[in-house]
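Before any comments, here is the structure.
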There are 2 protein chains.
Amino acid sequence: MSEPRWLTPDQADVWAKYRRVRRELQRAQDQQLQQDSGLSAADYALLAPLSESAGGVLRARELGAEVDWERSRLSHQISRMEKRGLVTREPCADDARGSMVRLTEKGREMIEAAAPTHVETVRRLFFDPLTSDEVRLFGDFLDRILGAVERDSR
Amino acid sequence: MSEPRWLTPDQADVWAKYRRVRRELQRAQDQQLQQDSGLSAADYALLAPLSESAGGVLRARELGAEVDWERSRLSHQISRMEKRGLVTREPCADDARGSMVRLTEKGREMIEAAAPTHVETVRRLFFDPLTSDEVRLFGDFLDRILGAVERDSR
DNA sequence: AGCAGCTTGTTGACATGTCACCGACTTCGC
DNA sequence: GCGAAGTCGGTGACATGTCAACAAGCTGCT
């Protein structure tokens, strides 16, 4: 078996940094959301598109498309949020297979209370350390990596 | 309540991209590892430092420090890996509270079979799309974000 | 109309991760 | 020595995520 091409020290360094940022940034956000609002990142992910939709109602399929989650993940999360009174489920008039997810009053209050602080945290941790030119460059790098990942999936 | 500073469209774009890369890259790696080696990312994370340690044995505390995991997370993961025969637990001679984690022969075979392909995937998806100058710049951006997150935690 | 095949949502089993807590042991100050 | 405080590993409860399978309904072809 031939020796594989390992990462250069520089690459190993950047790779470790990437994983660390991924974890620490996630952790910081989870904690901020939980402490300030009592919401998890998963709660927030679903409440955000719901609160922006007309009437605070979305068909489960649409909600799933917004966040790009698998159906089972979505269903489990909705069940947990339903139990805590953040959303309710209703049958879908158009399609008897379907299920409508409705934001409750409590759910709306919680997302509206959470959003400003959450956005402020994203700005402070992710954008403030970079100039706007650098943000553009960062986005460019991410685009190329995403392209490689997508090519890889096919 | 004053209107909070929302993200600019450019920022919202980059933020969405970042989250997408975070998720898709993770998914691609999990899948590659699972399919090619039958290992999960969590398995790999623990097997890697173990395989590089003298004798393939580490005290749980040291292993935890290597990967920077909480003790309970580590303990749960070791239990699952023990059940699958990747590692064994032994009492620690120096410190009766302690626990030594030993790589089994099977565990060593699996990590050694998995590593080259895993590294190759990291290279292809993460590094090949960028020049080495860009990788350096990327690392610089990550450093600054990490700095902001760490300042935030204190 | 009728049937095959697709879509939609749910469920159960399991892997992973966090939190609070416990029990045992070690360390430190006295 | 000895007791308080800290360290270490583990456990149970729960939240989150993935996968396979299912039930029900929809769609398109004949």
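Reckoned from all heavy atoms, side chains included, excluding hydrogens, waters and symmetry mates. All chains are named by letter (A, B, ...) in the order of the sequence lines, taking the proteins before the strands, and each is independently numbered beginning at 1.
One side chain, A:D30 or A:Q26, offers a donor N or O that lies under 3.5 Å from an acceptor on the other.
No salt bridge links A:E109 with A:K106; every basic N to acidic carboxylate O contact stays at or beyond 4.0 Å. Between B:D13 and B:K17, at least one side-chain nitrogen of the basic residue sits less than 4.0 Å from a carboxylate oxygen of the acidic one, meeting the salt-bridge criterion. Salt bridge annotation for A:R27-A:E24: present, with a cationic side-chain nitrogen under 4.0 angstrom from a carboxylate oxygen. The existence of a salt bridge linking B:R144 and B:D140 is confirmed by a sub-4.0 Å separation between a basic side-chain nitrogen and an acidic carboxylate oxygen.
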When the side chains of residues 55-75 of chain A are checked against the rest of the protein, which donor-acceptor pairs come out under 3.5 Å, sequence neighbours left out?
residue: A:R59; atom: NH2; partner: A:D95; partner atom: OD2; Å: 3.0
residue: A:D68; atom: OD2; partner: B:R23; partner atom: NH2; Å: 3.1

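Rounded to whole Å, atom P of C:dT10 lies 6 Å from atom CD1 of A:I78. Taking atom CZ of residue A:R23 and atom C1' of nucleotide C:dT18, one finds them 14 Å apart after rounding to whole Å. Taking atom CE on A:M81 and atom P on C:dT10, their separation rounds to 13 Å, with Å as the unit.
Atom CZ of A:R89 is separated from atom CD1 of A:I78 by 5.5 Å, given to the nearest 0.5 angstrom.
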- Query: What is the per-nucleotide protein-contact pattern of nucleotides 4-9 of chain C, from the 5' end, where B denotes a base atom under 4.0 Å from a protein heavy atom, S denotes such proximity for sugar-phosphate atoms only, and - denotes neither?
  - Reply: ---BBB
- Footprint string (nucleotides 12-19 of chain D, 5' to 3'): B base within contact, S backbone only, - free, heavy atoms under 4.0 Å: BB-SBSBB
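The minimum heavy-atom distance between A:L33 and A:S40, with the atom names listed, is CD1-O, 4.0 Å.
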